[in-house]
Undergrad: 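Mind looking over this structure? Questions follow.
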Amino acid sequence: MKAITSLPLLVMLPTAVLAQEQEQDWIDNLLTELGSSETINVEDGIDWGVLPGPFVNPEQGFGFGVAAVGLYAPSDWVETTPYSTVAVKSYVSTSGSYGLGVENRTYLKGDTLRFLADGWISHAPGYYWGVGRDAAENSNNKTKQQAQILRVTPKVSYQFLPETYATIGWDFQRYTDQESDGPLLMGAALEDSISSAAVLALEYDSRDFEPNPESGRLLSMEWASYREAFGSDNNYDRVTLNYREYQRLSPDSILAWDVYGQGVTGDVPWYAYSELGSDKRMRGYYIGQYRDNYQLSAQVEWRHQFNARHGMVTWVGAGNVASDVDGLFDRSWLPTAGIGYRFAFKPRINVRFDFGIGKDSSGFYFHINEAF
């Protein structure tokens, strides 16, 4: 009896294996056509790859994004220097949002000189609850708003001590065509607005590769001074502190953690308050629902690699916003937790799919490189 029942299984097994192999070959062929590879070839310039993918998050609803990711080596590149990277990203979503951006990281002179430049132009419909945690948790405050946004942030970093960099840069933001359907945003708040700042930063950075660190530490402090002298409509200051650490637990696992604090003071426009939630930290929250003069958050993430191509992460974290530093500890913190899948599109360049859960909200994110 067992022989009779096993015969169909023996007949079907090769067919199932063959189908699985054909499906795997089809996927591998498609990824190869898009630029996926297990090696990097920069002899002819930039080694490009194209990555399409869906996302669902609290701000934009369901959307689809495409990223062209390139790795390249400047003329003075040596093997001890990370490859430079450039990414061209675009997206559209059901909320009516769309955007196009460029992110570049160039490492020169043995990584003693860095040129970092981000640029984004986007249409961003969304919601605004006001400033403060009480405002964020009052559903009656939920106000529709939209704007056309242009942001450019070029920076240059110079290594003056081992693994220690001084940075100077510029942060430019322009909000135009602003609209709102409620009294929380009206009048002068909806006029065209420019924020322009000189940026100074000091950081210790021993990470082995910024897009996907496997070891090292980052300690950074950045001050942005928005002034009329630099073309800004408002005079205010922003200070950002960040600490990240990466520890290998085993050949296949890494423990990473991140502590992030930010404060803004002065004549702050509504869109420039410190916002909780993004694809990098406090994943699962609507960006900007919780906003105030100060924020503080922390997260711990476990990263596991199953093989050369596939991996996963899981994280827990918490954060808060307040009008002053002491207020950050006066109320219970907002939690975040989640899980993600990683696919190595190129060596050390991961595609990430993250699902984050927050307080009364959640989000699914599609991005390139690690969250931090």
Side-chain angles (χ1 to χ4, degrees), residues 57-61 93 95-101 118-153 170-199 222-240 261-278 282 285-296 319-325 327-328 334 361:
N57 62 47
E59 306 83 41
Q60 298 167 311
S93 79
S95 72
S97 68
Y98 54 85
L100 175 65
D118 295 345
W120 277 95
I121 183 169
S122 61
H123 174 66
Y127 293 97
Y128 176 76
W129 281 260
V131 177
R133 182 160 170 176
D134 289 334
E137 295 177 348
N138 184 347
S139 59
N140 294 326
N141 287 345
K142 191 175 181 179
T143 301
K144 285 186 179 180
Q145 59 82 24
Q146 62 178 339
Q148 299 281 352
I149 304 170
L150 171 66
R151 183 166 189 179
V152 181
T153 56
W170 179 45
D171 182 22
F172 177 87
Q173 300 177 68
R174 186 182 70 186
Y175 276 63
T176 58
D177 300 328
Q178 297 190 74
E179 297 179 9
S180 168
D181 72 348
L184 287 179
L185 283 177
M186 59 186 302
L190 296 178
E191 294 177 358
D192 292 354
S193 177
I194 291 177
S195 287
S196 180
V199 177
E222 181 184 275
W223 171 46
S225 177
Y226 298 86
R227 292 294 183 271
E228 293 180 3
F230 305 135
S232 183
D233 293 330
N234 299 72
N235 294 324
Y236 63 100
D237 296 277
R238 185 190 69 218
V239 175
T240 304
Q262 189 177 78
V264 290
T265 57
D267 182 21
V268 185
W270 71 269
Y271 57 82
Y273 282 92
S274 191
E275 299 177 337
L276 204 67
S278 71
M282 297 302 291
Y285 284 89
Y286 193 107
I287 299 176
Q289 177 175 354
Y290 292 88
R291 70 177 73 205
D292 213 321
N293 290 94
Y294 295 89
Q295 74 155 296
L296 183 62
N320 205 359
V321 297
S323 59
D324 55 54
V325 175
L328 293 170
L334 299 162
S361 63

Undergrad: Ignoring hydrogens, what is the shortest heavy-atom contact between G327 and A322? Give both atom names and the distance.
TA: C-CB, 3.4 Å
Undergrad: Taking atom types as modelled, is there a side-chain donor on D267 or N235 under 3.5 Å from an acceptor on the other?
TA: no
Undergrad: What are the two closest non-hydrogen atoms of V268 and T265, and how far apart are they?
TA: CG2-C, 4.0 Å
Undergrad: Could you tell me whether a side-chain N or O of S95 sits under 3.5 Å from a main-chain N or O of S93, the two making a donor and an acceptor?
TA: no
Undergrad: Measure the OG-CG distance between S196 and N234 for me, rounded to the nearest 0.5 Å.
TA: 11.5 Å
Undergrad: Under the criterion side chain to side chain contact (heavy atoms under 4.5 Å, CB included), which of D118, I121, D171 is the partner of R151?
TA: D171
Undergrad: Hey, what do you get for CG (L184) to CG (N141), rounding to the nearest 0.5 Å?
TA: 5.0 Å
Undergrad: Mark yes or no for whether D177, through its side chain, and A147, through its backbone, hold a donor-acceptor pair below 3.5 Å.
TA: no
Undergrad: Does a donor on one side chain sit under 3.5 Å from an acceptor on the other, for Q295 and S274?
TA: yes
Undergrad: Could you tell me whether the side chain of S180 and the main chain of L185 form a donor-acceptor pair under 3.5 Å?
TA: yes
Undergrad: Checking Y236 against S225: is there a side-chain donor and acceptor pair closer than 3.5 Å?
TA: no
Undergrad: Return yes if some donor-acceptor pair links the side-chain N/O of Q148 with the main-chain N/O of T176 below 3.5 Å, else return no.
TA: no
Undergrad: Regarding D237 and R227, does a basic nitrogen lie under 4.0 Å from an acidic carboxylate oxygen?
TA: yes
Undergrad: If you round to the nearest 0.5 Å, how far is OH of Y226 from CD of Q173?
TA: 5.0 Å
Undergrad: Nearest 0.5 angstrom please: L276 CG to R291 CZ, how far?
TA: 11.0 Å
Undergrad: Step through the shown structure and confirm whether more than 12 heavy atoms of other residues, nucleotides or ligands are within 6.0 Å of CZ on R174.
TA: no
Undergrad: Check the angle between the aromatic planes of Y128 and W270 and answer parallel, tilted or perpendicular using the 30° and 60° thresholds.
TA: perpendicular
Undergrad: Is the ring centre of W129 less than 6.0 Å from the ring centre of Y286?
TA: yes
Undergrad: Just so I know, are the side chains of S232 and F172 near enough to count as touching, which here means a heavy-atom distance under 4.5 Å?
TA: no
Undergrad: Specify the closest pair of heavy atoms between V264 and Y273, including all atoms of both residues, with the distance to one decimal.
TA: CG2-CA, 4.1 Å
Undergrad: Taking the basic N atoms (NZ, or NE/NH1/NH2) and the acidic carboxylate oxygens, is any pair closer than 4.0 Å for E179 and K144?
TA: no
Undergrad: Would a distance-only check, ignoring hydrogens and angles, find a side-chain to backbone donor-acceptor pair under 3.5 Å from N138 to N140?
TA: yes
